[in-house]
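Reminder, nothing fancy here: chain letters follow the sequence lines and each chain counts from 1.
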Amino acid sequence: MSSILEVKDLCVYYGVIKALKGISFHVDKGEIVTLIGANGAGKTTTLQTITGLIPAKSGHVYYHDEEITKKPGHLLVRRGIAHVPEGRRVFATLSVYQNLMLGAYSRKDKDGVEETLKMVYERFPRLEERRNQTAGTLSGGEQQMLAMGRALMSKPEMLVMDEPSMGLSPIYVNEIFDIIRKIHEGGVTVLLVEQNANKALAIADRAYVLETGRITLEGQAADLLNDPQVRAAYLSK
Amino acid sequence: MSTVQSERQKVFRNNLITYALVIAAYLCAEAFLLSGHMTSLMKGLLVPLCTYSIMAVSLNLVVGISGELSLGHAGFMCVGAFASATWSMLMKGGSMPNGVIFLIAILIGASFAALSGFLIGIPVLRLKGDYLAIVTLAFGEIIKNIINALYFGIDENGLHFSLKDTMAMGLSPEGTVIIKGAQGITGTPKLSTFTMGTILLLLSLFIVLNMVNSRTGRAIMAIRDNRIAAESIGLNPARYKLLAFTVSAAIAGVGGVLYAHNLSSLQALPKNFGYNQSIMILVFVVLGGIGNIRGSVIAAVILTLLPELLRFMNDYRMLIYAVVLILMMLFTSAPSWKAARESLLLRLPFRRKEGQENEAQPIQESKAPDGSAGSAAQPETAADQKSESEGMVQGGNSSGNISGNPAENYSANTAGNSSGNNSGDSSGNPAAEGRRSMLETDALSISFGGLKAVDNFSVSIEKKELYGLIGPNGAGKTTVFNILTGVYKPDSGRILLDGEPVTALSCEDISRKGIARTFQNIRLFSALSVLDNVKAGLHNHYVYSTLDGILRTKKFRRMEQAMDRKAMELLRVFELDGCATWRASNLPYGQQRKLEIARALATGPKLLLLDEPAAGMNPNETEELMDTIRMLRDRFDMTILLIEHDMKLVSGICDRLTVLNFGQVLKQGNTGDVMHDPEVVKAYLGD
C-alpha cells in the first residue's frame with residue numbers, strides 16, 4: 001500500500017458530544033490532501049486526533065501501516081508528522097530563532113538542523129530578518145510563517161496544517177499558498193484543512209468533504225471544484 | 001423557553017440536594033448522639049466539622065467562583081473569632097440571654113471580618129494569580145501577629161487598648177483584661193453547638209449558592225472567565241472581585257465565631273489561624289472541586305474526620321492521611337481518571353439517554369444554506385414588549401446618558417422612527433438630525449515604546465452605516481478598536497459617539513455609552529452557559545441588588561425572567577436558542593462568533609465593532625454572516641465598524657472603507673474607489 005497515512009472508522013467524543021462519527025480516509029505519499037467543511041464539522045478535531053492531541057474513542061490511525069492511534073504527539077514528531085496548529089500558537093515570549101530551534105527539539109543531528117534552518121530561512125527570508133525578535137510581536141502573517149517554519153524544522157515527511165490562511169490579509173494568503181506549494185514540491189506530503197476552499201482545492205490533489213463528523217464526499221480536487229453541490233455549499237460563487 | 005426553565009429547575013434541585021445532604025448528615029449525627037453511640041472524640045469534632053465546612057464554602061467563593069487564589073483565609077477567621085469572643089466576654093455574666101449574645105457575636109464576627117476583607121481586598125485585588133496568593137498569605141500572617149500583640153481590657157472608664165503589654169493599657173484595679181496578647185482570650189463562653197453550627201453552615205450555603213446563581217454571581221464568574229470581555233460589556237472587575245472577597249471574608253468570620261465559642265481559651269497560634277490552616281482550607285476546596293460548593297463541604301467533612309478515623313494506626317496515620325489525599329486528588333481531578341469516571345457514568349442507563357440527546361444537538365444548523373435574514377427575525381408580540389418594558393430598569397439611574405429605554409435599541413418595531421430614538425438622551429444636541437455621524441474620531445494617536453501604533457486616525461461614520469477598517473496584519477486596526485473601547489487611552493485625539501465625547505473613558509463607561517465589540521480571538525465566558533453569556537451582556541440594563549439575589553425576592557424573579565426572555569430573543573436571532581444551556585466553550589467556532597455578537601448586542605449599543613467576524617468561516621458561512629450583519633443594521637438600527645480580511649465580505653457590505661498601513665490612514669472613501677486604488681492594491685490586496 002502506498003498510503004502514508006490511513007484513518008479507519010475514527011470516532012471522537014467531547015464529553016458526550018460526538019465530534020467524529022466514524023471517518024475513514026487516506027493520504028498517499030507525495031500528495032496534498034485537503035479536508036473541507038463547515039465550522040463544527042470536525043476538521044480540526046480530525047487533525048488533532050491524528051497528531052495525538054486528542055484521544056480517539058474508537059477507530060484507528062495508521063502511519064506507514066503502523067498503528068499510531070494511541071501514540072502521544074511528541075513521539076509522532078519523531079516519526080515525521082509535524083502539525084501547524086490553528087491560530088499559529090507560536091511561543092510568544094521566545095525569539096523567532098528559539099521558536100524554530102524548538103521545532104527541531106527531537107532531532108539529534110546537529111549539522112542537519114543547521115542545514116534545515118538555512119533552508120527555512122531561505123524559504124522565509126522575513127524570519128531571518130527578524131530572528132531575534134520575540135514571536136509575539138510579529139504580525140499575523142509572520143507568525144503563520146513562523147509556525148510553518150517551526151514545523152519544517154523537524155524535517156517532517158508529512159505536514160498537517162490547520163487553517164494556515166486564517167486571519168491573514170489577502171496579500172499574505174496568496175503568499176502562504178505559494179509556500180505550501182513549494183514545501184510540497186520539496187517532497188513533503190501535506191494534509192490541509194482550510195476554510196478558503198477555493199484556494200485549497202486549487203492546490204490539492206484530492207479532497208474530502210466533512211459534514212457534522214462524517215465524510216460525505218470525496219474525490220479529485222479538480223472534480224470537487226466543479227461539483228455543483230460543493231460549489232453551492234463551500235465555494236464562493 | 002422551556003429549556004431555560006428546566007435549567008433553572010436543575011440549579012434549584014442541585015441546591016436543594018446540597019441542603020438536604022447537610023441536613024441528613026446532621027440528623028444522622030444527632031441520632032448517634034441520642035442513642036449514645038458516639039465517642040467523646042467524635043462529639044468534640046462536630047462543631048469543628050461545621051467550622052471547616054463553612055471555611056471551605058467561604059474560600060470556594062473566592063477561589064472557585066471569583067477565580068482568585070487566596071492563602072490568607074485563616075486570617076479572616078481569626079478576626080471573626082477574636083472580635084466575637086471579645087464581645088461575648090464583655091457580655092459575660094450580664095443579663096442578656098446566651099442566644100442573643102451569640103447572635104450578636106455572629107454579626108460582629110462577620111462584620112469585622114468583612115471590614116478587614118474589604119480593606120485588604122482594595123490593595124490585594126490589584127494583583128493577579130500567584131502574586132495575589134502570596135500577598136494574601138502575608139496579610140493573613142499580619143492579622144495573626146497583630147492579634148498576638150494586642151491587649152484589650154475594660155474598666156469603669158471604658159475600653160482600653162495597647163499593643164505593648166497589660167500595664168500600658170492603664171486599667172483601673174477593678175478592670176478586666178479581655179485580650180492578653182499572645183495568651184489571647186480565656187474563658188470564652190461555650191455557646192457553639194452542633195445545631196447552631198449546622199444552621200450557620202446552611203446559611204452560608206444559602207448565601208453563596210444564591211449569590212452564585214444571580215446577576216452578581218454571573219458578573220463575578222464572567223470576570224473570572226474573561227476579564228477583558230467582561231470590561232467590554234460594562235462590568236466593573238474591581239467592584240465585583242471586591243464584593244466576592246468581602247462576602248467570603250464575612251463568611252470566614254462566621255467560621256471564626258463558631259470556632260471561638262467552641263473553646264474556652266482562644267489564642268492566635270500558627271496551628272489554628274496560620275497559613276497551615278489557610279492551606280488546609282484550600283485543600284478542601286481543591287479536593288472538593290474548584291467552584292463546586294457542595295464538593296467543598298464534603299471534602300471538608302472527609303478530611304476533618306479522616307485523621308481521627310485513622311487514629312488506631314498511631315504513627316502511620318498522618319502518612320496514610322497524605323496518601324489517601326493524593327489518591328483522592330488523582331481520582332477526582334486527573335484528566336485520565338476523569339475520563340474513565342465519565343465513561344463509567346455514561347454506561348449508567350439514565351445518563352446514556354442524556355448523552356444521546358446531546359449528540360443529536362443541532363450543530364447542523366450552522367450550514368443551512370438559505371439562512372436569509374428575514375427568516376431569522378421573529379416579530380415580537382405586543383405582550384412580550386409590554387412585559388419587557390416593565391422588567392427594564394431605566395438605565396438613567398446611574399448615568400443620564402444611556403438612551404432612556406434600552407429596548408428601543410433592540411426592537412424591530414421602532415426601526416421606522418429611528419430619528420426619535422436618540423432625541424431624548426443627549427440633552428439638546430444641536431447637530432442636524434438625520435445626518436449626524438454616530439462615530440467621529442479626530443486625530444487619534446497612540447504609541448508603544450516609541451513605535452507609533454496608530455498615528456492621526458480620523459474617521460467619521462454615519463448612523464446606520466456599515467464601515468470597513470482594513471489593512472495589512474499589524475497595521476494597527478485592532479489597536480484602533482482598543483482605543484475606541486477604552487482598553488487603551490490615546491496619547492492624543494478625540495472621540496465623539498453620537499455627538500458626545502467618550503475619549504479615554506473606562507471600558508465600563510464606554511460600554512454604558514453605547515459601544516460594544518467582538519474580539520479577533522474569541523473571548524467568551526467559557527465556563528458559563530450560552531444563555532448566561534448573553535445575560536451577562538444585559539447586566540447593566542436589568543438591575544437588582546446582590547441582596548435581592550441572595551434572598552430570591554420578587555424583583556429578582558421578575559428581572560431574571562425578563563432577562564431570560566430578552567436573552568432568548570437575541571439567541572433566536574442568531575439561531576442559538578437550541579443550545580442555550582450549553583457551555584459556551586462547547587459551541588463550534590462559528591457559533592462562538594455568533595454568540596459574541598449576541599452578547600455585544602445585549603449591552604444595547606449604538607455602535608458595534610466587529611473584529612474579523614469572518615475569520616475561520618468558509619465562503620458559504622461568510623455569506624450568511626453578511627446577511628446577519630445587514631440584518632443587524634436594518635433590524636437593530638445598528639452602526640457597524642468592522643475589521644476584516646475577507647474582501648468578498650468587505651466589498652459586499654461595506655459602504656465606505658478606511659485602509660490603515662503602519663498605523664496611518666492610507667486611503668479613505670467609498671468601497672469601490674478604495675478597492676481599486678493602486679496604492680491599496682500594492683500594500684494590501686495584491687493581484
Which pair of heavy atoms, one from A/Leu168 and one from B/Asn473, lies closest together, and at what distance?
-> CA-OD1, 3.8 Å
Chain A heavy atoms under 4.5 Å from B/Met617: which part of the residue, side chain, backbone, both or neither?
-> both
Can you measure from CZ (A/Arg231) to CG (B/Asn620) and round to the nearest 0.5 angstrom?
-> 12.5 Å
Contacting moiety of B/Lys477, where chain A heavy atoms sit under 4.5 Å = neither
Note: A/Ser169 and B/Gly471 closest approach over all heavy atoms is CB-O, 4.4 Å
Residue part contacting chain B, namely of A/Leu138, when any heavy atom lies under 4.5 Å | neither
Crowding at OH, B/Tyr131 (>12 non-hydrogen neighbours, <6.0 Å) | no
Please name the pair of heavy atoms, one in B/Leu685 and one in A/Pro170, separated by the smallest distance, quoted to 0.1 Å.
-> O-CB, 3.7 Å
Taking atom CZ of B/Phe662 as the centre, report whether more than 12 heavy atoms of other residues, nucleotides or ligands fall under 6.0 Å from it.
-> no
Rounded to the nearest 0.5 angstrom, the NE2-CE distance for B/His645 and A/Met166 is 11.5 Å
List for me each residue that meets salt bridge (Lys or Arg N to Asp or Glu O under 4.0 Å) alongside B/Arg523, sequence neighbours excluded, and say none if there are none.
-> none
Is atom CD of A/Glu67 surrounded by more than 12 heavy atoms (other residues, nucleotides or ligands) closer than 6.0 Å?
-> yes
Got a sec: does the OH of A/Tyr14 have more than 12 other heavy atoms crowding it under 6.0 Å?
-> yes
Residue among B/Ala683, B/Ala475, B/Gly590 with most heavy-atom pairs under 4.5 Å to chain A = B/Gly590
Over 12 foreign heavy atoms within 6.0 Å of CD1, B/Ile228 = no
